[in-house]
Amino acid sequence: DQQVKQNSPSLSVQEGRISILNCDYTNSMFDYFLWYKKYPAEGPTFLISISSIKDKNEDGRFTVFLNKSAKHLSLHIVPSQPGDSAVYFCAARGWGGGSQGNLIFGKGTKLSVKP
Amino acid sequence: DGGITQSPKYLFRKEGQNVTLSCEQNLNHDAMYWYRQDPGQGLRLIYYSQIVNDFQKGDIAEGYSVSREKKESFPLTVTSAQKNPTAFYLCASSIPGTGNTEAFFGQGTRLTVV
């Protein structure tokens, strides 16, 4: 059973507009959430993260929002640029050692930003 | 420059052969991971190691083996028992068990069985 879900396999947005990528999780023990960006045939690169004690984290054009009661997080990209076109993975981890500290990934959302 | 190096980038294997994928990191991270990516499947955890000389199975360990003899190295062997080995393999490392740190990924190895 998927613990991290990205229900939209793809998203198409016009350049300059906002991109909103969504992610839901089921495990209430997750306390740290990350977004990764991935280009084809490359490894994922870390984009932004948020701790469960916060509800918002901002870094330039990228903002992540966390709604713990709904077990939902979202990544906002404003304004979207063609170079943002990539697959975005949502990931979550619990606190502590062992398997709890492993990242659990969603299936990804492919973002296409059209000029 | 610190980072994770995976080699080779592309690998072809005949059916029935074992093949080993290399992963080296100079980030001084204790934890290392192997993931597999298939189209539409996201990243699935194969094996992980929190410390030298110790490793644990992930969600899809069948047909794979690993070793962790050195902190810097975490090679993955894809054995002939792996029924569908063609995939994109990603190695990652992180500081284990401290919550607010990200994992760093290598550039990946695309394995194709011919």
Side-chain angles (χ1 to χ4, degrees), chain A residues 1-10 21 23-25 29-54 57 59 62 64 66 86-110, chain B residues 3-11 21 23 25 27 29-51 54-61 87-112:
Chain A
D1 203 19
Q2 272 190 283
Q3 296 188 69
V4 178
K5 300 178 185 180
Q6 293 177 258
N7 292 321
S8 298
S10 62
L21 295 93
C23 178
D24 297 294
Y25 62 96
M29 299 302 291
F30 288 149
D31 72 342
Y32 188 58
F33 305 89
L34 308 90
W35 284 94
Y36 281 84
K37 177 180 179 180
K38 186 182 180 301
Y39 294 116
E42 293 186 8
T45 54
F46 170 72
L47 197 56
I48 192 170
S49 64
I50 188 166
S51 166
S52 60
I53 62 173
K54 296 185 176 181
N57 188 25
D59 184 1
F62 303 91
V64 56
L66 175 63
V87 176
Y88 289 79
F89 288 100
C90 171
R93 72 191 301 174
W95 180 266
S99 62
Q100 294 176 21
N102 292 338
L103 285 176
I104 307 297
F105 285 87
K107 293 188 175 183
T109 296
K110 184 177 182 180
Chain B
I4 299 181
T5 302
Q6 289 186 242
S7 61
K9 190 166 178 64
Y10 299 97
L11 189 56
L21 283 61
C23 178
Q25 55 99 359
L27 298 167
H29 286 165
D30 284 310
M32 295 188 74
Y33 311 85
W34 275 104
Y35 290 90
R36 168 180 171 144
Q37 185 190 12
D38 296 282
Q41 290 293 322
L43 304 180
R44 294 183 291 170
L45 183 64
I46 304 172
Y47 266 98
Y48 65 98
S49 169
Q50 299 284 333
I51 198 167
D54 185 58
F55 49 83
Q56 305 296 329
K57 293 181 179 180
D59 300 319
I60 54 166
F88 190 57
Y89 290 88
L90 287 159
C91 179
S93 72
S94 72
I95 300 171
T98 53
N100 293 359
T101 58
E102 69 267 25
F104 294 84
F105 282 84
Q107 290 298 294
T109 293
R110 178 161 299 281
L111 173 64
T112 303

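So that the names make sense, note that chain A is the first sequence line, chain B the second, and so on, each numbered from 1.
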Exercise. Look up atom OG1 in A/Thr45 and atom CD in B/Gln107, then write down how far apart they are to the nearest 0.5 Å.
Key: 9.0 Å

Quiz item: So B/Tyr35 and A/Leu103, side-chain contact (heavy atoms from CB on, under 4.5 Å) or not? Walk me through it.
Solution: CA-CA 10 Å; B/Tyr35 290 90; A/Leu103 285 176; 3.6 Å; yes

Exercise. Identify which part of A/Lys38 has an atom lying under 4.5 Å from any heavy atom of chain B, answering side chain, backbone, both or neither.
Key: side chain

Self-check item: Segment of A/Tyr36 engaging chain B (4.5 angstrom heavy-atom cut-off)
Solution: side chain

Quiz item: What's the shortest heavy-atom distance between B/Ile95 and A/Arg93, and which atoms?
Solution: O-NH2, 4.1 Å

Quiz prompt | Least distance between heavy atoms, B/Leu90 atom then A/Gly43 atom | solution = CD2-CA, 3.5 Å

Quiz prompt | Within 6.0 angstrom of B/Lys9 NZ, more than 12 heavy atoms from elsewhere | solution = yes

Self-check item: Engaged part of B/Leu43 at the chain A interface, taking heavy atoms whose separation is under 4.5 Å
Solution: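 For B/Leu43, backbone and side chain are both near chain A.
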
Quiz item: Is there side-chain contact between B/Gln37 and A/Pro44, with at least one heavy-atom pair below 4.5 Å?
Solution: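 Contact flag for B/Gln37/A/Pro44 side chains = no.
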
Quiz item: Mind checking whether A/Asn102 and B/Gln56 have side chains closer than 4.5 Å, heavy atoms only?
Solution: no

Quiz item: Among all residues two or more places apart in sequence or in another chain, which pass the ring pair (Phe, Tyr, Trp, His ring centres under 6.0 Å) test with A/Phe62?
Solution: none

